[in-house]
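Note that the coordinates shown come from a computational prediction; the quantities given were computed from them, not determined experimentally.
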Amino acid sequence: MATVFISYSHKDDAWKKQLATHLKSLEIEGFYQSWDDAKIAPGSNWRPEIETALNQAQVAVMLISADFLASQFITEVEVPLILKRRQEQGLIVLPVIVRPCSWKKIQWLLEIQHLPKGDKALSEMQPSEIDRALAGVAQTVCDCLGNRKKPAVLSGAHISLYKLPVTGDRFVGREKELKILDDAWADGQTDILTLVAWGGVGKTALVNQWLNLMRTDNYRGAQKVYGWSFYSQGAKSCRDVARNVSTTTASADEFFQETLQWFGDANPETGSTVDKGRRLARLARQEKTLLILDGLEPLQYPPGEIHGFNGKLKDAGLAAFLKELACGCPGGGGEKPGSGAQKVLCVITTREPVTDLLNRKGYGVKEIQLEHLSEEAGKELLKSLGVTIGSQKDFHDAVTEYGGHALALTLLGQYIANILDGDIRRRDEIVKSSKGKIKEGHHAQKVMEAYMHWLGNSPERDILYIIGLFDRPVEAGAIEALKKEPAIPGVTDKLQGISAADWQMALSNLRNANLLARESPQKKGTLDCHPLVREYFGEKLRQENPAGWKKAHERLYRYFKDLPEKKLPDTLAEMEPLFAAVAHGCRAGLHQEALDEVYWKRISRTKEFYSTSKLGAFGSDLVCLSHFFAFPWGELAVGLPDVNKALVLSWAAFRLRALGRLREAVQPMKAGLGMGIQQSDWMGAA
């Protein structure tokens with residue numbers, strides 16, 4: 001039977017007894033058993049018993065008051081253990097506000113949905129309201145646990161979700177979509193389910209919420225659970241202003257390297273990209289598997305880049321992998337359904353429909369066009385963030401004005417709660433967004449611009465600028481490199497000599513504003529945020545302080561160039577810092593140096609072409625080369641001599657051909673050929 005652990009201060013014993021009475025009614029029915037320290041026998045060693053009970057619990061109910069928050073044992077022993085188990089093992093945590101206190105200033109409490117809903121503590125309610133609220137707590141415990149036996153615990157060795165972005169705990173609505181996900185896992189017919197929506201609508205938050213619910217039920221029979229975010233590995237974005245087209249350049253090499261290895265492939269670096277995709281499909285089907293691919297769009301053709309290619313996958317291996325999964329049976333070995341292949345559900349989040357799978361849509365493939373939040377869900381989200389003042393019409397108008405956009409409403413609600421006294425009527429004080437709004441995410445940009453004005457010249461602003469320099473989560477070493485003396489004018493001025501306490505306070509402020517993601521326990525010291533936040537502050541710095549932007553990238557170039565332990569790395573993982581060095585070097589305007597010193601001598605190992613001929617990393621190499629282009633694959637960056645331009649064009653064309661992207665290869669092939677002829681480089685032209 002499941003155990004419900006009650007964490008409380010002894011000064012709130014009366015509240016604990018009232019809760020225990022409500023829990024008892026469902027405990028008698030066999031739904032669970034509750035435990036608190038009153039069950040410790042006299043003379044027993046109480047601390048180990050508390051820790052043992054907490055380690056065995058499936059639910060922890062915390063009775064929050066000033067005495068609870070002031071208790072040294074609770075805050076230093078019970079709370080850290082509860083939060084650790086919540087993060088790593090899916091412990092259900094239910095904070096119940098029993099007496100007014102400053103709980104809204106406690107970061108970990110802000111990140112967990114509390115009970116009762118609203119801002120009233122139990123002590124501020126009438127007796128009938130208190131009974132109703134405590135009955136609601138008991139019912140919530142029951143709903144979370146369910147009246148069902150748990151399967152054997154899934155080992156942590158068979159779960160890998162650390163690559164997925166961390167999202168907030170304030171989740172509202174989406175009941176219909178959660179049911180669709182449940183049905184897709186249970187029905188035995190769905191192989192791939194895609195969640196399609198613009199950035200910031202809440203795709204990743206929905207998946208994370210569903211994973212949390214799955215985790216409380218031990219993943220409902222899954223034998224392996226694996227998640228990957230293509231934003232975690234980075235993707236170069238650029239825009240062709242003349243054609244009004246944006247594109248991204250990304251690689252699936254890192255995905256296949258790590259994922260094949262995790263699924264047990266003996267030689268993950270061998271074989272063509274298509275072969276890797278088919279092998280991965282076979283491996284995934286050996287056991288009942290749940291697979292999450294988050295943020296697939298960097299590996300898809302965006303609208304307008306190539307006519308007729310909208311939404312198609314740029315990587316042939318990834319396309320082969322998904323097509324094999326969509327067929328309902330493993331690929332490459334001639335297996336038939338029923339021959340031992342296990343259930344696999346692949347959940348994809350993306351901004352563009354995956355057109356490679358259109359012929360399977362309605363059969364093994366389902367697609368959800370994720371809508372913006374409903375008016376009711378939007379109002380609930382704003383209120384959960386601390387927006388308490390305003391009429392129903394005011395809330396309705398605010399949700400409508402911000403288009404029900406989840407990220408925008410989250411930023412808006414936190415801004416109003418933190419800066420405008422929780423009064424929704426004062427939202428017109430938020431500055432108007434700047435000219436040149438983009439179609440996607442402009443509601444969120446409006447609030448981010450308000451934060452820019454409010455932050456001024458502060459450590460928080462500099463931290464956001466730092467994050468904007470990257471296309472992926474920022475690891476601690478790179479942050480320290482940027483913080484070093486001398487300061488980069490307009491970028492790190494406020495971070496010079498900052499104390500550890502002030503640094504943590506600045507991070508806490510940004511997390512409280514939802515501009516910075518919560519820290520992942522598996523990636524200590526790494527900073528991350530929503531891609532739209534990263535894009536906004538990065539572009540803001542580039543436009544308003546181009547000298548500081550370039551200087552910061554130059555410092556990162558030097559850092560990543562010197563990071564590998566080996567002068568000539570042997571594996572793809574060891575080579576990643578060199579790929580990053582080229583990216584930052586080109587953004588700093590050091591194209592020639594990055595080409596000569598890093599790409600040619602260390603990544604290619606000169607004429608050995610090590611990264612492609614030995615590692616088969618054609619995708620990663622192509623992304624690296626893309627940084628020498630203003631817009632792929634025709635307009636080269638300024639600063640390279642013609643002889644090198646011809647080489648870069650021909651190398652890019654060769655890698656595009658190797659990846660099966662023949663249509664894109666034509667332009668650089670022709671341009672490189674023309675330059676080679678002009679330079680009488682007959683060998684290169686041939």
Side-chain angles (χ1 to χ4, degrees), residues 230 233-238 247-257 269-277 298-301 305-306 309 312-320 569 571-572 575-576 578-583 585-586 591 594-596 598-637 640 643-676 681 683-686:
F230 289 98
Q233 65 182 52
K236 181 199 173 189
S237 299
C238 57
T247 190
T248 54
T249 310
S251 166
D253 288 341
E254 186 181 345
F255 165 73
F256 279 121
Q257 177 77 23
E269 70 284 349
T270 62
S272 69
T273 181
V274 171
D275 178 58
K276 289 177 181 178
L299 283 154
Q300 293 174 264
Y301 289 99
E305 184 177 345
I306 297 180
F309 276 54
K312 284 184 70 66
L313 289 161
K314 295 181 176 182
D315 188 273
L318 198 56
T571 67
L572 184 61
M575 202 169 278
E576 280 301 319
L578 297 185
F579 290 135
V582 171
C586 289
H591 297 84
L595 183 67
D596 292 340
V598 183
Y599 179 79
W600 181 241
K601 291 182 180 178
R602 300 177 66 188
I603 294 175
S604 290
R605 297 192 186 179
T606 63
K607 294 180 180 180
E608 188 178 350
F609 294 105
Y610 185 86
S611 55
T612 53
S613 64
K614 300 295 185 182
L615 298 180
F618 288 95
S620 297
D621 206 86
L622 182 65
V623 173
C624 188
L625 287 172
S626 73
H627 295 287
F628 298 101
F629 288 80
F631 190 88
W633 298 102
E635 185 183 348
L636 281 155
L640 288 175
V643 63
N644 284 344
K645 286 181 180 179
L647 287 171
V648 169
L649 285 164
S650 64
W651 292 337
F654 177 76
R655 284 141 187 77
L656 286 165
R657 280 160 40 212
L659 292 167
R661 296 161 64 174
L662 303 180
R663 189 162 177 175
E664 293 172 87
V666 172
Q667 186 179 12
M669 193 184 305
K670 285 183 176 179
L673 175 63
M675 283 190 173
D681 179 9
M683 183 67 72

Can a donor-acceptor pair be found between the side chains of Asp621 and Ser611 at a distance below 3.5 Å? yes
Shortest non-hydrogen contact from Lys645 to Leu640? CE-O, 3.0 Å
Measure across Val623 and Ser251 and return the closest heavy-atom pair with its distance rounded to 0.1 Å. CG2-N, 3.7 Å
Tell me whether the count of non-hydrogen atoms from other residues, nucleotides or ligands lying under 6.0 Å of OH in Tyr610 goes above 12. yes
Under the side-chain hydrogen bond (donor to acceptor under 3.5 Å, both in side chains) test, which residues partner Lys614, sequence neighbours left out? none
I need the minimum non-hydrogen distance between Ala594 and Phe628, along with the two atoms involved. C-CZ, 4.3 Å
Once rounded to the nearest 0.5 Å, what's the spacing between atom CD of Gln300 and atom CG of Leu318? 9.0 Å
Measure up the Tyr599 and Trp651 rings against each other and bin them: parallel (under 30°), tilted (30 to 60°), perpendicular (over 60°). tilted
Could you tell me which non-hydrogen atom of Val274 sits nearest to which non-hydrogen atom of Ala316, and how far apart they are? CG2-CB, 3.9 Å
Any side-chain heavy atom of Arg661 sitting closer than 4.5 Å to one from Leu622? yes
Verify, without hydrogens or angle tests, whether Ser613 (side chain) and Glu608 (backbone) share a donor-acceptor contact under 3.5 angstrom. yes
Do the side chain of Thr273 and the main chain of Gly317 share a donor and acceptor less than 3.5 angstrom apart? yes
Any residue meeting side chain to side chain contact (heavy atoms under 4.5 Å, CB included) with Ala658, in chain and number order, not counting sequence neighbours: Phe618
Relative to the ring of Phe230, is the ring of Phe255 parallel (under 30°), tilted (30 to 60°) or perpendicular (over 60°)? tilted
Under a 4.5 Å cut-off applied to non-hydrogen side-chain atoms, are Ser620 and Phe579 in contact? yes
